[in-house]
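Notes follow once the structure below has been shown.
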Amino acid sequence: MNSNINIQEAIKEAKRCLNCAHPLCRTGCPIENDIPGFIKAVAQGNIGQASAIIAERSNLPAVCGRVCPHELQCEAHCVLSKKNCGIRIGMLERFVADFVETMNICEPVKISSRHGKVAVIGSGPAGLTVAGDLAKLGFEVTVFEAQPEPGGVLLFGIPGFRLSKDVVNREIAKIKRLGVNFRTNVLVGPDITIDQMFAEGFDAIFIGTGTALPKVLNIPGCTLPGVLTATYFLSTVTLFQSGHLEAKEIPVTTDDRVLVIGAGNVAIDAARTALRLGAQSVTVAYRRTVKEITALPSEYEAAVQEGIQFRWLVSPLRYVGEIKVSGLAVELLEADVAGDIHPTGKQEIIPADKILLAIGQRPAARIVSTTEGISVDSYGYVITKERPYGMTTRPGVFAGGDVVHGPKTVVLAMKEAKKVAAGIAMYVEAKKLLEACN
Ligand SMILES: Cc1cc2nc3c(=O)[nH]c(=O)nc-3n(C[C@H](O)[C@H](O)[C@H](O)COP(=O)(O)OP(=O)(O)OC[C@H]3O[C@@H](n4cnc5c(N)ncnc54)[C@H](O)[C@@H]3O)c2cc1C
Ligand code: SF4
(Lines give C-alpha, C1' and ligand atoms only; values in the text may rest on other atoms or scores of the structure.)
(Ligands and ions follow the chains in the order given, each with its own letter.)
Protein backbone atom coordinates (compact mmCIF):
# COMPACT_ATOMS: atom_id res chain seq x y z
CA MET A 1 0.00 0.00 0.00
CA ASN A 2 2.85 2.38 0.75
CA SER A 3 4.99 4.24 -1.77
CA ASN A 4 8.35 2.87 -2.57
CA ILE A 5 10.16 6.14 -1.77
CA ASN A 6 10.56 8.00 1.51
CA ILE A 7 10.06 11.70 2.20
CA GLN A 8 13.75 12.56 1.77
CA GLU A 9 13.81 10.91 -1.66
CA ALA A 10 10.53 12.63 -2.63
CA ILE A 11 11.87 16.06 -1.63
CA LYS A 12 15.14 15.42 -3.48
CA GLU A 13 13.23 14.46 -6.65
CA ALA A 14 10.85 17.44 -6.31
CA LYS A 15 13.76 19.86 -5.91
CA ARG A 16 14.97 18.95 -9.42
CA CYS A 17 11.78 20.49 -10.89
CA LEU A 18 12.46 23.80 -12.70
CA ASN A 19 8.98 25.15 -11.87
CA CYS A 20 8.69 26.19 -15.52
CA ALA A 21 6.76 29.36 -16.43
CA HIS A 22 4.93 27.38 -19.13
CA PRO A 23 4.80 23.91 -17.62
CA LEU A 24 4.49 21.41 -20.44
CA CYS A 25 3.90 18.61 -17.90
CA ARG A 26 0.55 20.18 -17.09
CA THR A 27 -0.54 20.26 -20.74
CA GLY A 28 0.37 16.57 -20.94
CA CYS A 29 -2.01 15.73 -18.06
CA PRO A 30 -5.57 15.05 -19.35
CA ILE A 31 -7.09 16.52 -16.17
CA GLU A 32 -4.56 19.40 -16.06
CA ASN A 33 -3.34 18.71 -12.56
CA ASP A 34 -1.31 21.63 -11.16
CA ILE A 35 1.85 19.53 -11.37
CA PRO A 36 4.43 22.29 -10.75
CA GLY A 37 2.29 23.52 -7.84
CA PHE A 38 2.16 20.19 -6.04
CA ILE A 39 5.81 19.41 -6.79
CA LYS A 40 6.83 22.79 -5.30
CA ALA A 41 4.91 21.96 -2.14
CA VAL A 42 6.68 18.57 -1.95
CA ALA A 43 10.05 20.32 -2.41
CA GLN A 44 9.16 22.50 0.59
CA GLY A 45 8.22 19.41 2.61
CA ASN A 46 4.57 20.51 2.75
CA ILE A 47 2.92 17.25 1.73
CA GLY A 48 -0.51 18.28 3.03
CA GLN A 49 -0.43 21.31 0.73
CA ALA A 50 0.71 19.09 -2.17
CA SER A 51 -2.25 16.78 -1.53
CA ALA A 52 -4.70 19.70 -1.39
CA ILE A 53 -3.40 20.97 -4.76
CA ILE A 54 -3.85 17.53 -6.39
CA ALA A 55 -7.34 17.21 -4.83
CA GLU A 56 -8.44 20.37 -6.70
CA ARG A 57 -8.47 18.29 -9.92
CA SER A 58 -8.47 14.62 -8.89
CA ASN A 59 -10.50 12.44 -6.56
CA LEU A 60 -8.29 9.40 -7.25
CA PRO A 61 -4.60 10.38 -6.83
CA ALA A 62 -3.46 7.07 -5.31
CA VAL A 63 -5.02 5.24 -8.26
CA CYS A 64 -3.66 7.63 -10.90
CA GLY A 65 -0.23 7.52 -9.24
CA ARG A 66 -0.20 3.77 -9.97
CA VAL A 67 -2.01 3.09 -13.25
CA CYS A 68 -1.89 6.30 -15.30
CA PRO A 69 0.37 6.09 -18.35
CA HIS A 70 2.62 8.89 -16.99
CA GLU A 71 5.43 7.94 -19.34
CA LEU A 72 3.15 8.85 -22.28
CA GLN A 73 1.50 11.90 -20.67
CA CYS A 74 2.91 14.38 -18.09
CA GLU A 75 6.35 12.76 -17.84
CA ALA A 76 6.70 12.62 -21.64
CA HIS A 77 5.99 16.37 -21.78
CA CYS A 78 8.35 17.41 -18.95
CA VAL A 79 11.12 19.62 -20.42
CA LEU A 80 13.73 17.60 -18.57
CA SER A 81 12.62 14.44 -20.42
CA LYS A 82 14.42 15.78 -23.50
CA LYS A 83 17.64 15.40 -21.49
CA ASN A 84 16.57 11.96 -20.27
CA CYS A 85 16.18 13.17 -16.70
CA GLY A 86 12.45 13.98 -16.58
CA ILE A 87 10.77 14.44 -13.21
CA ARG A 88 9.13 11.20 -12.02
CA ILE A 89 5.74 12.86 -11.60
CA GLY A 90 3.72 9.64 -11.20
CA MET A 91 5.98 8.46 -8.40
CA LEU A 92 5.60 11.82 -6.60
CA GLU A 93 1.80 11.79 -7.00
CA ARG A 94 1.71 8.29 -5.54
CA PHE A 95 4.02 9.31 -2.69
CA VAL A 96 1.81 12.29 -1.77
CA ALA A 97 -1.41 10.22 -1.85
CA ASP A 98 0.12 7.45 0.30
CA PHE A 99 1.82 9.84 2.72
CA VAL A 100 -1.35 11.80 3.60
CA GLU A 101 -3.20 8.52 4.08
CA THR A 102 -0.53 7.05 6.36
CA MET A 103 -0.22 10.28 8.36
CA ASN A 104 -4.00 10.77 8.36
CA ILE A 105 -3.86 14.39 7.16
CA CYS A 106 -6.01 16.38 4.71
CA GLU A 107 -9.33 14.87 5.77
CA PRO A 108 -11.90 16.03 3.19
CA VAL A 109 -14.65 18.22 4.59
CA LYS A 110 -18.25 17.02 4.24
CA ILE A 111 -20.31 19.82 2.77
CA SER A 112 -23.92 20.02 3.90
CA SER A 113 -26.16 19.24 0.92
CA ARG A 114 -28.22 22.01 -0.50
CA HIS A 115 -28.17 22.00 -4.32
CA GLY A 116 -30.14 18.90 -5.28
CA LYS A 117 -30.08 15.10 -5.55
CA VAL A 118 -28.02 13.26 -8.15
CA ALA A 119 -27.90 9.51 -8.87
CA VAL A 120 -24.69 8.09 -10.30
CA ILE A 121 -24.87 4.67 -12.00
CA GLY A 122 -21.54 2.84 -11.92
CA SER A 123 -18.63 3.33 -9.55
CA GLY A 124 -15.63 3.20 -11.89
CA PRO A 125 -13.36 6.24 -12.34
CA ALA A 126 -16.12 8.13 -14.21
CA GLY A 127 -18.81 7.54 -11.57
CA LEU A 128 -16.45 8.19 -8.66
CA THR A 129 -15.27 11.45 -10.25
CA VAL A 130 -18.80 12.73 -10.85
CA ALA A 131 -19.81 11.69 -7.31
CA GLY A 132 -16.77 13.34 -5.69
CA ASP A 133 -16.96 16.56 -7.73
CA LEU A 134 -20.71 17.00 -7.14
CA ALA A 135 -20.44 16.20 -3.42
CA LYS A 136 -17.74 18.88 -3.13
CA LEU A 137 -20.15 21.31 -4.84
CA GLY A 138 -22.84 20.53 -2.25
CA PHE A 139 -25.02 17.95 -4.02
CA GLU A 140 -26.56 14.92 -2.33
CA VAL A 141 -25.14 12.01 -4.33
CA THR A 142 -26.10 8.32 -4.35
CA VAL A 143 -24.04 5.83 -6.36
CA PHE A 144 -25.78 2.68 -7.68
CA GLU A 145 -23.38 -0.18 -8.39
CA ALA A 146 -24.18 -3.65 -9.81
CA GLN A 147 -21.19 -5.36 -8.17
CA PRO A 148 -21.03 -6.20 -4.44
CA GLU A 149 -18.31 -3.56 -3.96
CA PRO A 150 -17.67 -0.18 -5.61
CA GLY A 151 -14.62 0.51 -7.81
CA GLY A 152 -15.53 -0.69 -11.33
CA VAL A 153 -12.56 -1.82 -13.39
CA LEU A 154 -10.24 -0.45 -10.71
CA LEU A 155 -11.43 -3.26 -8.44
CA PHE A 156 -12.72 -5.99 -10.78
CA GLY A 157 -10.41 -5.53 -13.79
CA ILE A 158 -6.94 -4.23 -12.99
CA PRO A 159 -5.24 -6.99 -10.96
CA GLY A 160 -4.20 -6.44 -7.36
CA PHE A 161 -0.47 -6.77 -8.08
CA ARG A 162 -0.74 -3.54 -10.13
CA LEU A 163 -3.40 -1.72 -8.12
CA SER A 164 -4.02 -3.01 -4.63
CA LYS A 165 -7.64 -3.33 -3.55
CA ASP A 166 -6.69 -1.47 -0.34
CA VAL A 167 -5.71 1.56 -2.40
CA VAL A 168 -9.03 1.52 -4.30
CA ASN A 169 -10.98 1.04 -1.07
CA ARG A 170 -9.28 3.93 0.64
CA GLU A 171 -10.01 6.28 -2.32
CA ILE A 172 -13.67 5.20 -2.06
CA ALA A 173 -13.61 5.75 1.70
CA LYS A 174 -12.47 9.35 1.03
CA ILE A 175 -15.41 9.86 -1.35
CA LYS A 176 -17.77 8.38 1.25
CA ARG A 177 -16.43 10.88 3.78
CA LEU A 178 -17.57 13.65 1.40
CA GLY A 179 -21.11 12.40 2.13
CA VAL A 180 -21.64 10.21 -0.98
CA ASN A 181 -23.96 7.19 -0.41
CA PHE A 182 -23.31 3.85 -2.12
CA ARG A 183 -26.00 1.28 -3.01
CA THR A 184 -24.23 -1.89 -4.18
CA ASN A 185 -25.68 -5.07 -5.73
CA VAL A 186 -28.15 -2.94 -7.68
CA LEU A 187 -28.25 -3.56 -11.43
CA VAL A 188 -29.93 -0.50 -12.89
CA GLY A 189 -32.31 -1.58 -15.63
CA PRO A 190 -33.58 -4.90 -14.23
CA ASP A 191 -33.55 -3.90 -10.51
CA ILE A 192 -34.56 -0.24 -10.79
CA THR A 193 -35.25 1.84 -13.88
CA ILE A 194 -34.23 5.41 -14.65
CA ASP A 195 -37.91 6.41 -14.41
CA GLN A 196 -38.17 4.88 -10.94
CA MET A 197 -35.04 6.79 -9.93
CA PHE A 198 -36.57 10.08 -11.05
CA ALA A 199 -39.70 9.10 -9.09
CA GLU A 200 -37.43 8.70 -6.02
CA GLY A 201 -36.70 12.43 -6.36
CA PHE A 202 -33.34 12.57 -8.16
CA ASP A 203 -32.89 15.79 -10.12
CA ALA A 204 -30.34 14.31 -12.52
CA ILE A 205 -28.88 10.88 -13.27
CA PHE A 206 -25.37 10.06 -14.50
CA ILE A 207 -24.67 6.86 -16.45
CA GLY A 208 -21.04 5.75 -16.02
CA THR A 209 -21.48 2.06 -16.73
CA GLY A 210 -18.36 1.48 -18.83
CA THR A 211 -18.09 -1.29 -21.40
CA ALA A 212 -19.41 -4.39 -19.69
CA LEU A 213 -19.74 -6.68 -22.72
CA PRO A 214 -16.54 -8.32 -23.91
CA LYS A 215 -16.24 -8.87 -27.66
CA VAL A 216 -16.01 -12.51 -28.77
CA LEU A 217 -14.59 -14.28 -31.83
CA ASN A 218 -17.36 -16.11 -33.64
CA ILE A 219 -15.14 -18.70 -35.27
CA PRO A 220 -15.74 -22.49 -35.33
CA GLY A 221 -15.47 -24.05 -31.86
CA CYS A 222 -16.39 -20.84 -30.01
CA THR A 223 -18.75 -22.70 -27.65
CA LEU A 224 -16.11 -25.21 -26.50
CA PRO A 225 -15.53 -25.26 -22.75
CA GLY A 226 -12.26 -23.51 -21.97
CA VAL A 227 -12.92 -20.57 -24.30
CA LEU A 228 -13.51 -17.58 -22.00
CA THR A 229 -13.27 -13.82 -21.91
CA ALA A 230 -10.30 -12.24 -20.13
CA THR A 231 -12.50 -9.75 -18.24
CA TYR A 232 -14.61 -12.61 -16.85
CA PHE A 233 -11.44 -14.43 -15.76
CA LEU A 234 -10.03 -11.28 -14.07
CA SER A 235 -13.30 -10.57 -12.25
CA THR A 236 -13.49 -14.14 -10.88
CA VAL A 237 -10.01 -13.71 -9.40
CA THR A 238 -11.04 -10.48 -7.66
CA LEU A 239 -14.32 -11.95 -6.45
CA PHE A 240 -12.37 -14.90 -5.00
CA GLN A 241 -9.80 -12.60 -3.35
CA SER A 242 -12.58 -10.54 -1.75
CA GLY A 243 -14.41 -13.65 -0.49
CA HIS A 244 -17.38 -13.54 -2.89
CA LEU A 245 -16.40 -16.71 -4.83
CA GLU A 246 -14.72 -20.03 -4.07
CA ALA A 247 -11.30 -20.86 -5.57
CA LYS A 248 -12.85 -23.58 -7.76
CA GLU A 249 -14.79 -20.87 -9.65
CA ILE A 250 -11.56 -19.41 -11.05
CA PRO A 251 -11.40 -20.88 -14.55
CA VAL A 252 -7.57 -21.23 -14.75
CA THR A 253 -5.77 -24.01 -12.86
CA THR A 254 -2.11 -24.89 -12.34
CA ASP A 255 -2.04 -27.53 -15.11
CA ASP A 256 -3.35 -25.18 -17.78
CA ARG A 257 -1.53 -23.99 -20.86
CA VAL A 258 -3.14 -20.57 -21.24
CA LEU A 259 -3.43 -18.69 -24.51
CA VAL A 260 -4.53 -15.03 -24.45
CA ILE A 261 -5.80 -13.45 -27.67
CA GLY A 262 -5.16 -9.67 -27.92
CA ALA A 263 -2.36 -7.36 -26.81
CA GLY A 264 -3.89 -4.48 -24.87
CA ASN A 265 -3.84 -3.82 -21.11
CA VAL A 266 -6.57 -6.42 -20.53
CA ALA A 267 -4.61 -9.13 -22.37
CA ILE A 268 -1.38 -8.43 -20.48
CA ASP A 269 -3.21 -8.28 -17.13
CA ALA A 270 -4.94 -11.60 -17.85
CA ALA A 271 -1.67 -13.22 -18.91
CA ARG A 272 0.25 -12.01 -15.84
CA THR A 273 -2.62 -13.05 -13.55
CA ALA A 274 -2.76 -16.56 -15.09
CA LEU A 275 0.99 -16.87 -14.54
CA ARG A 276 0.58 -15.87 -10.88
CA LEU A 277 -2.09 -18.57 -10.48
CA GLY A 278 0.57 -21.08 -11.50
CA ALA A 279 -0.52 -21.83 -15.08
CA GLN A 280 1.85 -24.28 -16.76
CA SER A 281 2.55 -21.79 -19.59
CA VAL A 282 1.09 -18.49 -20.78
CA THR A 283 1.23 -17.25 -24.37
CA VAL A 284 -0.18 -14.04 -25.82
CA ALA A 285 -1.23 -14.23 -29.49
CA TYR A 286 -1.67 -11.08 -31.56
CA ARG A 287 -2.41 -10.56 -35.24
CA ARG A 288 -0.08 -7.60 -35.57
CA THR A 289 3.48 -6.91 -34.37
CA VAL A 290 4.97 -5.68 -31.10
CA LYS A 291 4.96 -2.12 -32.54
CA GLU A 292 1.15 -2.05 -32.63
CA ILE A 293 0.31 -3.33 -29.16
CA THR A 294 -1.90 -1.03 -27.12
CA ALA A 295 -0.66 -2.21 -23.70
CA LEU A 296 1.70 0.17 -21.93
CA PRO A 297 5.35 -0.49 -22.84
CA SER A 298 6.18 -0.98 -19.14
CA GLU A 299 3.43 -3.63 -18.83
CA TYR A 300 4.67 -5.49 -21.90
CA GLU A 301 8.26 -5.44 -20.62
CA ALA A 302 7.16 -6.75 -17.22
CA ALA A 303 5.25 -9.59 -18.94
CA VAL A 304 8.30 -10.57 -21.00
CA GLN A 305 10.51 -10.56 -17.90
CA GLU A 306 8.04 -12.76 -16.05
CA GLY A 307 8.27 -15.41 -18.80
CA ILE A 308 5.13 -14.81 -20.84
CA GLN A 309 5.56 -15.92 -24.46
CA PHE A 310 4.38 -13.74 -27.36
CA ARG A 311 3.27 -14.96 -30.78
CA TRP A 312 3.08 -12.06 -33.24
CA LEU A 313 1.40 -12.07 -36.66
CA VAL A 314 -1.07 -14.88 -36.06
CA SER A 315 -4.70 -14.70 -37.06
CA PRO A 316 -7.21 -17.03 -35.28
CA LEU A 317 -9.05 -19.43 -37.63
CA ARG A 318 -10.83 -21.88 -35.31
CA TYR A 319 -10.77 -23.29 -31.80
CA VAL A 320 -9.57 -26.90 -31.80
CA GLY A 321 -10.99 -29.61 -29.51
CA GLU A 322 -13.85 -32.07 -29.08
CA ILE A 323 -15.14 -32.13 -25.51
CA LYS A 324 -13.15 -29.03 -24.51
CA VAL A 325 -10.70 -26.71 -26.17
CA SER A 326 -7.19 -28.06 -26.81
CA GLY A 327 -5.74 -25.37 -29.03
CA LEU A 328 -6.20 -22.54 -31.49
CA ALA A 329 -5.67 -22.97 -35.23
CA VAL A 330 -4.09 -19.83 -36.63
CA GLU A 331 -2.97 -18.53 -39.97
CA LEU A 332 0.58 -17.15 -39.98
CA LEU A 333 0.86 -13.59 -41.30
CA GLU A 334 3.83 -11.51 -42.39
CA ALA A 335 4.59 -7.79 -42.36
CA ASP A 336 6.29 -6.14 -45.34
CA VAL A 337 8.83 -3.30 -45.07
CA ALA A 338 6.04 -0.71 -45.15
CA GLY A 339 4.44 -2.45 -42.15
CA ASP A 340 1.47 -3.80 -44.14
CA ILE A 341 0.33 -7.24 -43.00
CA HIS A 342 -0.36 -10.11 -45.44
CA PRO A 343 -1.51 -13.73 -45.09
CA THR A 344 1.10 -16.41 -45.83
CA GLY A 345 -1.34 -19.28 -46.39
CA LYS A 346 0.52 -21.29 -43.70
CA GLN A 347 -1.36 -22.61 -40.68
CA GLU A 348 -0.41 -23.84 -37.23
CA ILE A 349 -2.15 -25.08 -34.10
CA ILE A 350 -1.11 -23.38 -30.85
CA PRO A 351 -1.89 -25.85 -28.01
CA ALA A 352 -4.00 -24.44 -25.15
CA ASP A 353 -6.26 -25.73 -22.35
CA LYS A 354 -7.75 -22.28 -21.69
CA ILE A 355 -8.14 -19.50 -24.25
CA LEU A 356 -8.81 -16.02 -22.87
CA LEU A 357 -10.25 -13.43 -25.25
CA ALA A 358 -9.08 -9.86 -24.80
CA ILE A 359 -10.11 -8.25 -28.08
CA GLY A 360 -12.16 -5.34 -26.74
CA GLN A 361 -15.42 -4.52 -24.98
CA ARG A 362 -18.60 -2.62 -25.73
CA PRO A 363 -21.45 -1.22 -23.60
CA ALA A 364 -24.34 -3.37 -22.36
CA ALA A 365 -27.88 -2.19 -23.18
CA ARG A 366 -29.50 -2.82 -19.77
CA ILE A 367 -30.29 0.83 -19.14
CA VAL A 368 -31.07 2.09 -22.63
CA SER A 369 -33.35 -0.90 -23.29
CA THR A 370 -35.43 -0.09 -20.19
CA THR A 371 -35.55 3.69 -20.66
CA GLU A 372 -37.30 5.81 -23.27
CA GLY A 373 -35.37 8.49 -25.10
CA ILE A 374 -31.67 7.66 -24.61
CA SER A 375 -30.05 7.45 -28.06
CA VAL A 376 -26.99 5.31 -28.72
CA ASP A 377 -24.83 4.92 -31.81
CA SER A 378 -24.64 1.75 -33.91
CA TYR A 379 -22.09 0.22 -31.45
CA GLY A 380 -24.22 0.97 -28.37
CA TYR A 381 -22.23 4.01 -27.13
CA VAL A 382 -24.42 6.67 -25.51
CA ILE A 383 -24.76 9.89 -27.51
CA THR A 384 -24.25 13.06 -25.44
CA LYS A 385 -24.52 16.82 -25.97
CA GLU A 386 -22.03 19.66 -25.59
CA ARG A 387 -24.47 21.80 -23.59
CA PRO A 388 -25.17 21.06 -20.85
CA TYR A 389 -22.02 19.01 -21.21
CA GLY A 390 -22.64 15.26 -21.19
CA MET A 391 -26.47 15.29 -21.30
CA THR A 392 -28.00 12.44 -23.29
CA THR A 393 -31.01 12.82 -25.59
CA ARG A 394 -33.17 12.30 -22.46
CA PRO A 395 -33.32 15.54 -20.42
CA GLY A 396 -31.76 15.14 -16.96
CA VAL A 397 -29.89 11.95 -17.89
CA PHE A 398 -26.14 12.38 -18.41
CA ALA A 399 -23.38 9.94 -19.39
CA GLY A 400 -19.58 9.83 -19.47
CA GLY A 401 -16.49 7.62 -19.42
CA ASP A 402 -16.06 4.44 -21.47
CA VAL A 403 -19.83 4.10 -22.07
CA VAL A 404 -19.58 7.26 -24.21
CA HIS A 405 -16.09 7.31 -25.71
CA GLY A 406 -15.21 3.58 -25.74
CA PRO A 407 -12.53 1.76 -23.74
CA LYS A 408 -9.71 4.20 -23.02
CA THR A 409 -7.93 4.97 -19.75
CA VAL A 410 -8.73 5.81 -16.15
CA VAL A 411 -7.65 9.42 -16.49
CA LEU A 412 -9.58 9.97 -19.75
CA ALA A 413 -12.75 8.66 -18.05
CA MET A 414 -12.02 11.10 -15.19
CA LYS A 415 -11.38 13.98 -17.59
CA GLU A 416 -14.77 13.56 -19.29
CA ALA A 417 -16.53 12.92 -15.97
CA LYS A 418 -15.24 16.22 -14.56
CA LYS A 419 -16.77 18.09 -17.50
CA VAL A 420 -20.05 16.15 -17.14
CA ALA A 421 -20.18 16.93 -13.39
CA ALA A 422 -20.02 20.63 -14.29
CA GLY A 423 -22.80 20.06 -16.86
CA ILE A 424 -24.98 18.33 -14.25
CA ALA A 425 -24.43 21.16 -11.76
CA MET A 426 -25.47 23.69 -14.41
CA TYR A 427 -28.57 21.65 -15.33
CA VAL A 428 -29.77 21.13 -11.76
CA GLU A 429 -29.24 24.80 -10.92
CA ALA A 430 -31.36 25.83 -13.94
CA LYS A 431 -34.01 23.22 -13.04
CA LYS A 432 -34.25 24.49 -9.46
CA LEU A 433 -34.51 28.08 -10.69
CA LEU A 434 -37.41 27.18 -13.00
CA GLU A 435 -39.13 25.24 -10.19
CA ALA A 436 -38.79 28.28 -7.92
CA CYS A 437 -40.44 30.47 -10.59
CA ASN A 438 -43.52 28.21 -10.87
C1 LIG B 1 -8.15 -5.34 -17.19
C2 LIG B 1 -8.07 -3.86 -17.45
C3 LIG B 1 -6.89 -3.19 -17.21
C4 LIG B 1 -6.80 -1.81 -17.41
N5 LIG B 1 -5.63 -1.17 -17.12
C6 LIG B 1 -5.58 0.18 -17.20
C7 LIG B 1 -4.42 0.91 -16.78
O8 LIG B 1 -3.42 0.34 -16.37
N9 LIG B 1 -4.43 2.28 -16.84
C10 LIG B 1 -5.52 2.95 -17.30
O11 LIG B 1 -5.50 4.18 -17.29
N12 LIG B 1 -6.63 2.30 -17.72
C13 LIG B 1 -6.68 0.94 -17.67
N14 LIG B 1 -7.82 0.27 -18.09
C15 LIG B 1 -8.96 1.04 -18.63
C16 LIG B 1 -9.75 1.73 -17.52
O17 LIG B 1 -9.84 0.91 -16.38
C18 LIG B 1 -11.13 2.13 -18.02
O19 LIG B 1 -10.95 2.97 -19.14
C20 LIG B 1 -11.93 2.86 -16.93
O21 LIG B 1 -12.10 2.04 -15.79
C22 LIG B 1 -13.30 3.30 -17.44
O23 LIG B 1 -13.99 3.89 -16.39
P24 LIG B 1 -15.60 3.97 -16.34
O25 LIG B 1 -15.92 4.57 -15.03
O26 LIG B 1 -16.10 4.59 -17.58
O27 LIG B 1 -16.10 2.44 -16.38
P28 LIG B 1 -15.81 1.17 -15.46
O29 LIG B 1 -14.54 1.28 -14.72
O30 LIG B 1 -16.02 0.01 -16.37
O31 LIG B 1 -16.99 1.21 -14.39
C32 LIG B 1 -18.33 0.95 -14.74
C33 LIG B 1 -19.07 0.52 -13.51
O34 LIG B 1 -20.46 0.49 -13.79
C35 LIG B 1 -21.04 -0.66 -13.21
N36 LIG B 1 -22.27 -0.97 -13.95
C37 LIG B 1 -22.39 -1.34 -15.25
N38 LIG B 1 -23.67 -1.48 -15.58
C39 LIG B 1 -24.40 -1.18 -14.47
C40 LIG B 1 -25.80 -1.13 -14.19
N41 LIG B 1 -26.70 -1.39 -15.12
N42 LIG B 1 -26.19 -0.81 -12.93
C43 LIG B 1 -25.27 -0.51 -11.96
N44 LIG B 1 -23.94 -0.53 -12.19
C45 LIG B 1 -23.51 -0.86 -13.43
C46 LIG B 1 -19.97 -1.71 -13.36
O47 LIG B 1 -20.17 -2.79 -12.45
C48 LIG B 1 -18.73 -0.89 -13.03
O49 LIG B 1 -18.47 -0.87 -11.66
C50 LIG B 1 -7.92 -1.11 -17.91
C51 LIG B 1 -9.12 -1.80 -18.19
C52 LIG B 1 -9.21 -3.16 -17.95
C53 LIG B 1 -10.51 -3.88 -18.24
S1 SF4 C 1 7.85 20.41 -17.17
FE2 SF4 C 1 9.10 19.16 -15.73
S3 SF4 C 1 10.55 20.64 -14.88
FE4 SF4 C 1 8.93 21.88 -15.81
S5 SF4 C 1 7.40 22.26 -14.15
FE6 SF4 C 1 6.76 20.35 -15.19
S7 SF4 C 1 7.72 18.69 -14.00
FE8 SF4 C 1 8.82 20.61 -13.42
Side-chain angles (χ1 to χ4, degrees), residues 13-14 16-30 34-40 43 63-64 66-70 73-75 77-82 85-89 92 120-130 143-159 162-163 183-192 207-214 230-231 233-235 264-270 273 295-296 298-299 358 360-361 363-368 370 399-414 416-417:
E13 178 67 6
R16 294 202 300 113
C17 173
L18 307 175
N19 209 358
C20 306
H22 301 290
L24 296 177
C25 55
R26 195 169 185 182
T27 51
C29 171
D34 181 1
I35 294 168
F38 97 74
I39 292 181
K40 189 175 175 188
V63 167
C64 288
R66 286 170 169 84
V67 301
C68 267
H70 298 99
Q73 297 176 352
C74 53
E75 291 179 0
H77 283 71
C78 171
V79 281
L80 293 174
S81 292
K82 293 192 188 95
C85 58
I87 302 292
R88 286 179 292 163
I89 301 164
L92 288 176
V120 168
I121 310 170
S123 61
L128 292 175
T129 299
V130 167
V143 178
F144 293 79
E145 170 54 53
Q147 294 282 1
E149 290 175 58
V153 169
L154 305 178
L155 200 67
F156 291 99
I158 302 176
R162 282 213 295 127
L163 178 61
R183 282 165 67 176
T184 52
N185 285 317
V186 183
L187 185 61
V188 177
D191 295 344
I192 180 171
I207 303 174
T209 46
T211 48
L213 290 184
T231 47
F233 161 62
L234 288 168
S235 66
N265 274 330
V266 181
I268 304 293
D269 279 345
T273 302
L296 277 176
S298 53
E299 295 305 317
Q361 296 106 247
R366 293 184 195 101
I367 297 175
V368 292
T370 53
D402 282 4
V403 73
V404 170
H405 55 49
K408 290 211 164 100
T409 60
V410 168
V411 75
L412 288 173
M414 290 167 63
E416 280 306 296

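Source: prediction; values computed, not measured. Just follow the structure's listing: the first ligand is 1, and inside any ligand the first atom is 1.
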- Message: Once you restrict to heavy atoms under 4.0 Å, what part of F144 touches ligand 1? Side chain, backbone, both or neither.
- Response: backbone
- Closest by any non-hydrogen atom to atom 19 (O) of ligand 1: pick that one out of N265, I192, D402. D402
- Task: Run the numbers for me: atoms of ligand 1, each under 4.0 Å from some heavy atom of L234, listed by number.
- Result: 1 (C)
- Query: Do C17 and K40 come within less than 4.5 Å of each other through their side chains, counting heavy atoms only?
  - Reply: no
- Check each heavy atom of E299 against ligand 1 and say whether those closer than 4.0 Å belong to the side chain, the backbone, both or neither. neither
- Query: Is there side-chain contact between T184 and P148, with heavy atoms separated by less than 4.5 Å?
  - Reply: no
- Message: In this structure, does ligand 1 have an atom that sits under 4.0 Å from one of the heavy atoms of P407?
- Response: no
- Message: Tell me the contacting part of A146 for ligand 1: side chain, backbone, both, or neither, using a 4.0 Å heavy-atom threshold, strictly below.
- Response: both
- R162 and E299 ion-paired at < 4.0 Å: yes
- Which of the atoms of ligand 1 are close to I158, meaning less than 4.0 Å from one of its heavy atoms? 3 (C), 4 (C), 5 (N), 6 (C)
- Query: Only one of L213, V266, D402, V153 clears side-chain contact (heavy atoms from CB on, under 4.5 Å) with Q361; which?
  - Reply: V266
- Message: With rounding to the nearest 0.5 angstrom, report the CD1 to CD1 distance, I89 to I39.
- Response: 5.0 Å
- Could you tell me the residue and atom name of the protein heavy atom closest to atom 39 (C) of ligand 1, and the distance to it rounded to 0.1 Å? T209 CG2, 3.4 Å
- Task: Take every heavy atom of C68, measure it against each atom of ligand 1, and state whether any distance is under 4.0 Å.
- Result: no
- Query: Which value, rounded to the nearest 0.5 Å, describes the distance between L24 atom CG and K82 atom NZ?
  - Reply: 6.0 Å
- Item | Sub-4.0 Å heavy-atom contact, G189 with ligand 1 | no
- Query: Any idea which atoms of ligand 1 are less than 4.0 Å away from a heavy-atom of E145?
  - Reply: 33 (C), 34 (O), 35 (C), 43 (C), 44 (N), 46 (C), 47 (O), 48 (C), 49 (O)
- Rounded to the nearest 0.5 angstrom, the CG-CG distance for L163 and L154 is 6.0 Å
- Message: Test side-chain contact (heavy atoms from CB on, under 4.5 Å) on E416 and V404; report intermediate values, then the result.
- Response: CA-CA 9 Å; E416 280 306 296; V404 170; 5.9 Å; no
- Criterion side-chain contact (heavy atoms from CB on, under 4.5 Å) on Q147 and L155, from CA distance to verdict: CA-CA 10 Å; Q147 294 282 1; L155 200 67; over 6 Å; no
- Message: For atom 2 (Fe) of ligand 2, which protein N/O/S atoms fall under 2.8 Å? Skip waters.
- Response: C78 SG
- Message: I need the minimum non-hydrogen distance between C78 and G86, along with the two atoms involved.
- Response: SG-CA, 4.0 Å
- Measure the distances from the heavy atoms of V186 to every atom of ligand 1 and state whether one is below 4.0 angstrom. yes
- Can you find a heavy atom in the side chain of V79 that is under 4.5 Å from one in the side chain of C20? yes
- Item | Enumerated ligand 1 atoms positioned under 4.0 Å from heavy atoms of G122 | 33 (C), 34 (O), 35 (C)
- With backbone taken as N, CA, C and O and side chain as the heavy atoms from C-beta onward, which portion of L296 lies under 4.0 Å from ligand 1: side chain, backbone, both, or neither? neither
- atom 8 (O) of ligand 1 has as its nearest protein heavy atom R162 NH1, 2.8 Å
- Message: Would you compute the distance between atom NE2 of H70 and atom OG of S298 and round it to the nearest 0.5 angstrom?
- Response: 11.0 Å
- Looking only at non-hydrogen atoms, find the nearest pair between T129 and P125 and report the distance. OG1-O, 2.6 Å
- Tell me which one of V411, V153, L213 gets a heavy atom nearest to atom 29 (O) of ligand 1. V153
